[in-house]
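All ligand and atom numbering here is 1-based and tracks the order in the structure.
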Amino acid sequence: MSFTVQGWCPGALRPMQSGDGLVVRVRPPLGRLTPEQAAGIATAAQRHGNGLIDLSGRANVQLRGVTAQTHPALIADLTALGLIDADVRAEARRNILITPFADAPTLRLAAELMRRLGELPDLPGKFGFALDCAAQRVLNDTPADIRLERAADGQLILRAEGADLGAQVSEDTAISALIALAQWFVAAGGVQDGRGRMARLIARGVRPDGGLTGTHAPAPALPPPSPGLTDHGALVGFEFGQMRAELLAVLASFGSLRITPWRMVLIEGAQTMPDLPGLITSNTPLLRVYACTGAPGCLQALQPTRDLARQLAPHLPGGAVLHVSGCAKGCAHPAPADLTLVATHDGFDLIAADTAQGVPLRRAVPLSEIPNLPEFR
Ligand code: SF4
């Protein structure tokens, strides 16, 4: 297995080098872009990047094809839009995922957390928070370390990832308790060599004490929704979570956009589905297919990925998730998938029911033979 693991999460101020230039990741405040911010990002992506925009699995927006020369002007434009933090440290701390179906209490809690980020201890780069406390839980499949959720009886609870139960909190105490849980994570030895995740600490049998001890089970979680109309607006998807800046500019004209971790955008308040080229507006097997940038867009990729993913999508067994990865790092889908194809120098390894780092069922299958595998017939 050979790929580079970053000990940090790329952001806007600390972009990541890729095969097509720098990838600049923007964290929309409160998970939402106003029409002006969305239109501004579209303009900036064309002016300072290659016009390609990705949605990340943590509901961030990524501008591709930025250069070292264009990066300062891009940051200036994004700062004017209110999308840039004061410094790298502040940017790294704002790793907050908010349910796209946020209600008023959820938004108030998110705003309080944003105001109090400075009270958090130094946490590992990937450590994040999920505010999933609207009427229904929808972020259970999205990685996080500390969660605010609802119990079956509607009570607000704070839950450490990996723990079955959460501690009851109120709207007034929730953010203080969340900060206390983050401090406990550090004090309990959750960080080693600058890395660490809550679930790993909990798996070691370590448990928070006092008021942070959980007694409430979270309410059942819903699976990620499909494109369509919701009570909050229209959910639209994008092939491999990528769109052109021109499409974002048109979407901005419809209203504010809530960015989801499901490679979809919620157009706030829309009551009809837009019909635009490049938009996925109904359920399709493509939404169950993950493929990273692959070659030549990523420096670490050993093969192109997306043409193969498009070719295989219609042949997936019902409900199965396919992940096509340009290397074993598995960026596009860190969780296990039913079928994962990982590029090698000679073809693709096929892995069943595991992540891109799992043990292959078949090794180095040549590209031309993959559609004929029994798994895709
Ligand atoms: S998984 Fe894909 S995007 Fe990630 S490093 Fe490997 S080739 Fe690049």
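Checking Glu246 against Gln46 by side-chain atom types alone, a donor-acceptor pair falls below 3.5 Å. Using modelled atom types, one finds no donor on one side chain facing an acceptor on the other under 3.5 Å when comparing Gln242 with Arg64.
The closest non-hydrogen atom to atom 6 (Fe) of ligand 1, taken over Ala301, Pro304, Cys327, Gly326, comes from Cys327.
Proximity to Cys292 (heavy-atom distance under 4.0 Å) selects the following atoms of ligand 1: 1 (S), 2 (Fe), 3 (S), 7 (S). Set against the non-hydrogen atoms of Ser325, the atoms of ligand 1 under 4.0 Å away are 1 (S). Listed by atom number, the atoms of ligand 1 under 4.0 Å from Lys329 heavy atoms are 5 (S).
Atom 4 (Fe) of ligand 1 has an N, O or S atom of Cys331 under 2.8 Å away, backbone or side chain.
Taking the six-membered ring where the residue is Trp, Phe101 and His232 present tilted rings, their angle falling between 30° and 60°. In this pair, Phe127 and Phe185 present their aromatic rings tilted. The plane angle is within the 30 to 60° band.
Note on Glu239 versus Arg306: no salt bridge recorded, every NZ/NE/NH1/NH2 to OD/OE distance being 4.0 Å or above.
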